[in-house]
Amino acid sequence: KKVQYDIKTNRVQIDLGIGRKQRAHVYNDHGLDETEQFLPASDAKKLQKKRISFRAMVAIGLPTALAIIALVTGLLVWHFHYRYNGRVRKLFSGYLTISSQTFSDAYENSNTTEYKELASKVSKQVRLSCFLLHYNFFPFSEGSNNGIIAYYLSEFNVPESQVSAVDEAMASLDGVGNARKNTFLTFRYLYLRLVLNLCCLLGSVKRSHHAHGNQTDIIRSPGFPDSAYLPNLYTEWQIRADPEHRIRLEFDVLDLEKDCRNDFIKVYDSLAPSEKQVIAEKCGYRLPGEKLIFISSGNVMLVTLVTNEEKNFPGFRAFYSQIPAKIQDCGGRLTGLRGTFTSPGYPSHYPPQTDCVWDIEVPSGKHIKVKFDKLSIHNPEQNAISCPEDYLEINYRICGEKPPKTVYTIKSNQATVRFHSDLSYVSEGFSAEFEALEPTNPCPGRFQCDSDLCVPPNLQCDGYNDCGDMSDERGCTCNETQIKCMNGFCKPSFWRCDGVNDCGDNTDEENCGNCKAQEFRCRNSRCIPAQKQCNGYNDCGDGSDESQCEKSIAVHCSALTHKCKNNQCISKLNPMCDGETDCADGSDEAECKCGMKPYKSSRIVGGKDSNDGEWPWQVSLHMKTQGHVCGASVISNRWLVTAAHCVQDNEKFNYSQPDQWEVYLGLLNQGETSKSTLKHVKRIVSHPLYDHLSYDNDITLMELDSPVNLSQNIWPVCLPEATHDFPAGKSVWITGWGKLREEVDAIASVLQKAEVRIINNTVCSKLMDNGITPRMICAGVLSGGVDACQGDSGGPMTSTESNGRMFLAGVVSWGDGCGRRNRPGIYTRVTEYRSWIREMTGV
Ligand code: ARG
């Protein structure tokens, strides 16, 4: 919503949102229409003048302007007289073009006389309403053909009782309806807050930047990275580039409060904070691996940071540079049997105001299949069917977020694909692959899913949903290594009775114990009628029928119940640090610094690179002469947990000697140890019952020579109580720098992470030739390919518990090869050592 004084056409236009089309047109020329002049068309002589006459403009523009303003003010004054309850300041933004004035660098700096002169002239032009207080700033930018674009933000003083009426009137006049309700509210919130806090704060912190050549420069929130941002800020960064260029802005850190109503940044495709040209609003964390890059449509961009009084976070850092506008050219002719195309700028967010057309042609007689690895074309509140704002058009318009590997088939050898983005809100776009297909044999040598996706034939009927729509798992005949589910699916036999409903109809979990249907199986193996669960009585005797209920009850202590510090026992399963006080003495929530990742989310085989700070408890243990040897986990500022087999001497090395070790904390890349924190070992406490033949009790504590400073990158993991349950089937994470494959020697340079599932000990023992003791816990992906490996030992297997905290469920211990089919990884079961750890370390 804005009041736009469109001096260019010698009209003062109160633009209540209806000017969308016209603005779209103007902005397609980077906000400047070169053919139009600043002067009245009636005066042909003046048209030739180099410098514009502001007086002439006023002469013509003013009467029209006053008429319209008078109308609006009349309306407001009328209300004002009837119900006066004070006034509210309202902000409107707009821009005007000065095509016959030549731009110079001096206009970018608000301290120059040139700037001041032009600003005062422009401000005289637009200071028309009696409600208008002032124009807060006038960032100028260079338009094409040397002209100038003046962006402004004006502040009006509106009677409070009129605010909602005025807003509503504006919304109803808005051609696009109420599509931006939320942002509009935020915007209103912003100025209300500014008025409350400091009337003239707005514009007081503004920075002006110009991208030069192919240089990259930085903008960052005030105080970043040394301190958190301040409360009640409005800071803006105006970024300009040379004509015929765009601005590329890449966020490297974004760490704001989660609630966008409190703290947020906005990126505008303009120099004025115009709500029509917001291309992104962001708050919360950006996962460090997630790309967040914006490209402007023209040569300007504005970034604003707004914060409120509470909760201040580290803030953001972003890099900007200019790129030739042409680089973003998109579309074209695509021929041949296969090829790829992406949204402009991919994997950056696509720029606003962009149209691309691809003409695809494959040999005649063939059809076209387009597969999307990524397809994300969001525009908030955009209708997902008609997709009026941003879309991709193949057979019809597509928008929103589609799952990876979405396939569209075109029954012709030619297709036209169109992409369109409007003025505001951009998203990541798409990456597509087209392929010519034989209409009679669309998936040669592969299985064709219902979605037209082709998958390798051996994935059919393997128990995994490889097509994404289950079509590869229907109508299967199960083989001898599979269970037949009642609903017809086949699942690997190892999934039987693992606590997870893999069939979907529970067939794989029936008849696992001795309990009948309609009975609940207690953790102590007793059977009770199912309706006795959560009835407030300890029917099982071990509290397990009351352990996952809304309310925890006090029960007799047993090996399976949680004991509070006051020695009372409660029925709740895993109550430690779950965010709710369950013990009467509060001891279950008393020491809960551990296990939080600073970033929200969220030698390994089959894993992925981790992000900086994603696993802040992960430690790399180096031997002075050999580099990385084992992993470990931080459990306090002085203590680490690792595997006992990591500190066993052999003929060559004295692994048991504390002075042989170097401890790297907060490390991500083995090549960057200098950036991490190095500590030495004071003491090594191996478990007295460690058995080097069976690997039973494979656990060791290491004391650091001096306490480490805890930070975003170095943070303790939570230790599970002895009664903590990590059920079979639960997903857990393993992390480490160990080997990426069994057959190669090289270890990973970037910390790897992989997700595996806990496997029930009985099942695991069968798979591992009875080598599993109750002090071990197995986890893996039984189809193979995902596992820990040499060099991961001692490192963590972590489980995310109810409130997002991560607990150390296991310590990487041993395995048979790495990632082999039906050979899970074996971990030390940390719950077994809770009291030993407490006794040795006080943690
Ligand atoms: N013992 C190995 C080490 O020293 C870890 C083996 C883990 N193996 C496995 N397949 N999960 O690094």
Side-chain angles (χ1 to χ4, degrees), residues 494 603-607 618-623 626-633 640-650 652-653 655-656 660-661 664 670 684 686-687 690-700 702 731-749 751-759 761 763-765 767-769 771-773 775-799 808-830:
F494 300 115
R603 117 222 90 160
I604 301 291
V605 176
Q618 175 80 50
V619 170
S620 169
L621 295 179
H622 284 212
M623 271 295 264
Q626 305 173 60
H628 174 89
V629 173
C630 268
S633 307
L640 312 178
V641 170
T642 184
H645 80 258
C646 288
V647 294
Q648 299 306 301
D649 292 339
N650 64 15
K652 280 215 208 121
F653 297 104
Y655 292 104
S656 64
Q660 295 299 299
W661 290 99
Y664 289 96
Q670 287 289 343
I684 294 177
S686 279
H687 198 276
Y690 166 66
D691 178 356
H692 73 279
L693 295 177
S694 65
Y695 275 36
D696 205 7
N697 303 303
D698 189 10
I699 188 165
T700 284
M702 270 188 179
S731 267
V732 290
W733 287 92
I734 50 175
T735 47
W737 287 275
K739 294 209 294 189
L740 295 166
R741 297 225 256 127
E742 183 181 334
E743 28 332 319
V744 297
D745 278 336
I747 64 161
S749 57
L751 178 63
Q752 300 292 295
K753 61 177 173 188
E755 197 174 12
V756 289
R757 293 214 294 185
I758 305 247
I759 292 156
N761 264 36
V763 171
C764 186
S765 204
L767 291 171
M768 299 305 284
D769 318 313
I772 307 300
T773 74
R775 291 156 296 281
M776 299 174 188
I777 180 168
C778 309
V781 172
L782 292 178
S783 52
V786 189
D787 196 5
C789 203
Q790 266 60 48
D792 291 323
S793 280
M797 168 173 89
T798 45
S799 165
L808 186 67
V811 174
V812 179
S813 178
W814 63 282
D816 176 23
C818 304
R820 297 187 190 174
R821 211 178 158 84
N822 295 330
R823 291 295 208 174
I826 318 300
Y827 301 79
T828 314
R829 194 181 275 274
V830 177

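Atoms within each ligand, like the ligands themselves, are counted from 1 in listed order.
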Legend entry - side-chain hydrogen bond (donor to acceptor under 3.5 Å, both in side chains) involving S765 - partner list, sequence neighbours excluded: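 None.
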Inset, instruction - Could you list the residues that satisfy side-chain hydrogen bond (donor to acceptor under 3.5 Å, both in side chains) with Y695, not counting sequence neighbours? - result: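 Residues passing side-chain hydrogen bond (donor to acceptor under 3.5 Å, both in side chains) with Y695: none at all.
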Inset, instruction - Apply the test side chain to side chain contact (heavy atoms under 4.5 Å, CB included) to residues M702 and V647: give CA-CA distance (whole Å), side-chain angles for both, the deciding distance (0.1 Å), then the verdict. - result: CA-CA 10 Å; M702 270 188 179; V647 294; 3.8 Å; yes
Inset, instruction - Would you mind telling me which of W737, W661, Y664, Y655 makes a ring pair (Phe, Tyr, Trp, His ring centres under 6.0 Å) with H622? - result: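 Going through the options one by one, the only one that passes is Y664.
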Please say whether [X] places an N or O atom under 3.5 Å from an N or O atom belonging to ligand 1.
X	result
G819	no
Y827	no
D816	no

Inset, instruction - Measure A643 to ligand 1 on non-hydrogen atoms and call it side chain, backbone, both or neither using the 4.0 Å cut-off. - result: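 None of A643 does.
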Going by the order shown, which atoms of ligand 1 are within less than 4.0 Å of some heavy atom of [X]?
X	result
C789	5 (C), 12 (O)
D787	9 (C), 10 (N), 11 (N)
G825	11 (N)

Legend entry - Spatial distance of atom CG (D698) from atom OG (S686) [nearest 0.5 Å]: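 With rounding to 0.5 Å, CG (D698) is 9.0 Å from OG (S686).
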Going by heavy atoms, is [X] under 4.0 Å from ligand 1?
X	answer
G817	yes
R823	no
G780	no

Legend entry - Donor-acceptor pair, side chain of N761 and main chain of M776, under 3.5 angstrom: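 Yes: the side chain of N761 pairs with the backbone of M776.
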Inset, instruction - Considering non-hydrogen atoms only, spot the tightest contact between C778 and I826 and give its length. - result: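 Residues C778 and I826, closest heavy atoms: SG-CD1, 3.8 Å.
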